[in-house]
Amino acid sequence: MELEKTYNHKSVEDRIYKLWEESGFFTPENLPPRQNQNEQKPASAEAMARQRKFVTCIAPPNITGELHLGHTLQLTLQDIIVRMKRMQGYITLWVPGIDHAGIGAQNIVEKQLAKEGIKRQDLGREKFLERMWQWKEKYGNAIMDQFKKLGISADWTRLRFTMDDQYQEAVKKAFQHFYEKDWIYKGERVVNWCPRCASSISDLEVNYVPEAGKLYFIKYGPFIVATTRPETRLGDTGLAVHPEDARYKNYVNKEIEVETIDNEIPADQPPKIKKIKLPMITDSSVDKEFGTGIVKVTPAHDLTDFEIGQRNNLLSIIVIDEHTRMNENSGLRYRGLKTKEAREQIVKDLETLGLIEKIENYNHNIGRCDRCNSVIEPLLSKQWFFKMETPKQLALEAIDTGQIKFHPARWATPYRDWLKNLRDWNISRQLWWGHQLPVYFCKNKLAEVKNQKSKVKNNNEEFFIISENKPKQCPICKDCEMRQSEDVLDTWFSSALWPFATLGWPTSAPPSSATSDGHSKATVGKPNKKTKSDFEEYYPTDLIVSARDILYLWIVRMIFSGMELTKKVPFKDILIHATVLTKDGKRMSKSLGTGINPLELTEKYGTDALRFGLASQASELQDIRFGEDTLIMGKKFANKLWNISRYVITKMKHETWNMEHQLPNSKHPILQRMNSVTAEVTEQIENYNFAEAANTLYRFIWHEFADKYIEESKNKDDQETKDTLAYLLLTSLKLLHPFMPFLTEEIYGIIQGGANPKNMLLVQSWPTS
RNA sequence: GGGCGCUUAACUCAGUGGUCAGAGUGCUUCCUUUACACGGAAGAAGUCGGGGGUUCAAAUCCCUCAGCGCCCACCA
């Protein structure tokens, strides 16, 4: 057979991937039985059942766009492990999938619509969701194509999406479970309100960015109080000082008479002073050093103030509405103004009335929406919350007991620190794209609730039940058509279920108690064709690979959700990989124009070169400043291996290959080296030292196998030399396969005189030392 | 305000106590030898961020300073 002088990835990759798909070996049930070590008999079904499993959990990419280099690195590293494990004889499962990415995806589609001059409200919920599903179809498929292009050996028969029907069942089940556990409650608290998204968002979705502002020193009776947001003055219900602040101790727990603006005077008339009384309270959250040491407390419009208010029984007065306009509580004078206008007007009025001491320039942090960058308005709002106390304990326990290990281990520190000071998690969103809350309201508010132990809760005149399906009859008034909550869940609520929801949970979960509405939940105990469900067979998983930026958003929440709902940790190892930066150390991002499309790189250098180049830079500690130099290295190395193979194949022209991979009868020292390289590489991959493993292989194959042994072999033609060449090549192909799957598979096929979907390198046994 | 990471050849990075400090890319010289010029042979190139300390021995451990980057935090 005539082989091209240089390796041409373009004629190989797609063809090989199709062969892998044909082989069916990405599906664990199709893996060939493997003889267990030290067993002479051929593997039986029984032996197979004893075979160890390796299950890895994907970080499902968001359908917000195509994959970037960070995904490429992550998927490559995961695939390296999966391929090695599969060759080592593990029954290997990798479930691929994508995430609906609630707020992120909705915003992108809204932007698309904006180009057509349409708002989501113009379309209505149903039509808008149709657009969302079209988007999902398009980008979901694009992402799947990219997975395949990257050589990912995931089981396509098990493709999952976080809004699949079965997944929706899991989400409802989880919500109900948490509600019954009393971890979820509906409450009125200050939340981060994004006026553009028209939704609340969680604390983790707010970015604090420095901004130049003003600090206003305002007279409050005998005191001066510093604030950056004078417009919230209308919502003040108290003054607070630190408990140990001696300056104000005579005023503590007294009503202080302060001047404020009479907000019922119409805006076209000059402002007038109105006297009101505010209680002076103490709270240890107050910083004595800041300003004058006195804080005005606005419980309805500040997270901290809300908590101070709770601790001290202060009133909450809402003065700003969801559209960031001043509402009726702000009085005739300001009602209807945008907050910015209200601030200007109030400052002007205060100045006119001589109530402003001074105004200083002040740089401080402003909260902005992670998704659309709008300024966040803290707002008192009725939302659903997730109590973090017990989940926090579970999440800590998983790490403290060593049931879950971080790699690198240092990530356990920020993980623990983050858990220490947590507010309850706001899980409801006023969006359309996502899992609608399984909450049904009675339309008849006057319904009486007789059975207090029922699931029916009276909450500010709202009567609701939690139910997986819409009840046929309202269990509250027996009369109305119940109305489902229009809110959807935070996307991370559903992502938190990923490791087990994708395996079919809760189909095999223990039955939970029937709910009060009389509908026992028939989702439990659904019949299964197989003797065991995927959940029983493959859960918990062994490994998750993740970028660090979703450590809190996702990893933490999967851990406590898994521990509570399945009573098991969802994975044993967490691999946190490096972040891929630009060559200048900048964040890669589409909006900055610094993003790189991996497909351009696979086109130019080949997937194997890309994988090898990324892996050889994937050290534990340091982020990757991505330059194409390493891909050039990868490409040259691929070509080198190609030519090594050509040489050995030519040399072996009339010989039969020993595909059983037996050690040749030779004492040549290169064989010992091959042996120790095998041990090193295996250990390095098992310890997630991908860069070391790649470099070990590179150095051995190029500078020892090729430069030394092959050169030496050129003037020899004996059996021993040929056997050794064949052995070295075969071993190298196997060890390199996780990094360069396409090329090695191609060569393996050529050696056999043609690729054979039944006997692929993919499932050959990993070399042992 | 806390915490983490980084600072090694022109560039991107390995190297975490022990021979003259390594790789890829780039550069210089030679070699178009029948696997590969995406190659081979040889070579130049670094006060291992600054300073101090521990040690027989430090890029490697400790302290300190400086710069860069990231994360967390209720400075109104």
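A note on names: the letters A, B, ... follow the listed sequences, proteins ahead of strands, and every chain is numbered from 1.
Here A/Tyr216 pairs with nothing under the ring pair (Phe, Tyr, Trp, His ring centres under 6.0 Å) rule; sequence neighbours left out. The salt bridge (charged side-chain N to carboxylate O under 4.0 Å, His left out) search around A/Asp400 returns A/Arg416, not counting sequence neighbours. In this structure, the ring pair (Phe, Tyr, Trp, His ring centres under 6.0 Å) partners of A/Phe637, at least two apart in sequence or on a different chain, are A/Phe612, A/Tyr698. A/His242 pairs by the ring pair (Phe, Tyr, Trp, His ring centres under 6.0 Å) definition with nothing, not counting sequence neighbours. Every residue meeting the ring pair (Phe, Tyr, Trp, His ring centres under 6.0 Å) condition with A/Phe223, not counting sequence neighbours, appears here in chain and number order: A/Tyr248, A/Tyr251. Applying the salt bridge (charged side-chain N to carboxylate O under 4.0 Å, His left out) test to A/Lys653 and every residue at least two apart in sequence or in another chain returns nothing.
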Dot-bracket encoding per residue of RNA chain B, Watson-Crick/G-U cut-off under 3.5 Å, | denoting interstrand: ((((((((.[[[[.)..(...]]]].(((((.......))))).....[[[[[..)....]]]]])))))))....
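Closest of all the heavy-atom pairs between A/Asp245 and A/Gly293 is OD2-O, 4.3 Å.
Counting only residues at least two apart or on different chains, the side-chain hydrogen bond (donor to acceptor under 3.5 Å, both in side chains) pairs with a member in residues 739-748 of chain A are A/Arg15-A/Glu746, A/Trp20-A/Glu745, A/Tyr748-A/Gln764.
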Report each atom pair, protein N/O against N/O of nucleotides 42-45 of chain B, whose distance is under 3.5 angstrom.
none

What string of B, S and - do you get for nucleotides 20-35 of chain B, 5' to 3', if B is base contact, S is sugar-phosphate-only contact and - is no contact with any protein heavy atom under 4.0 Å? ----BS---------B
If the sugar-phosphate is the primed atoms plus P, OP1 and OP2 and the base is the rest, what is the B/S/- string for nucleotides 68-76 of chain B, using protein heavy atoms under 4.0 Å? ---SSBBBB
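Taken residue by residue, residues 717-730 of chain A places no heavy atom nearer than 4.0 Å to RNA chain B.
The nearest whole Å value for the distance from the CG atom in A/Asn8 to the C1' atom in B/C38 is 13 Å.
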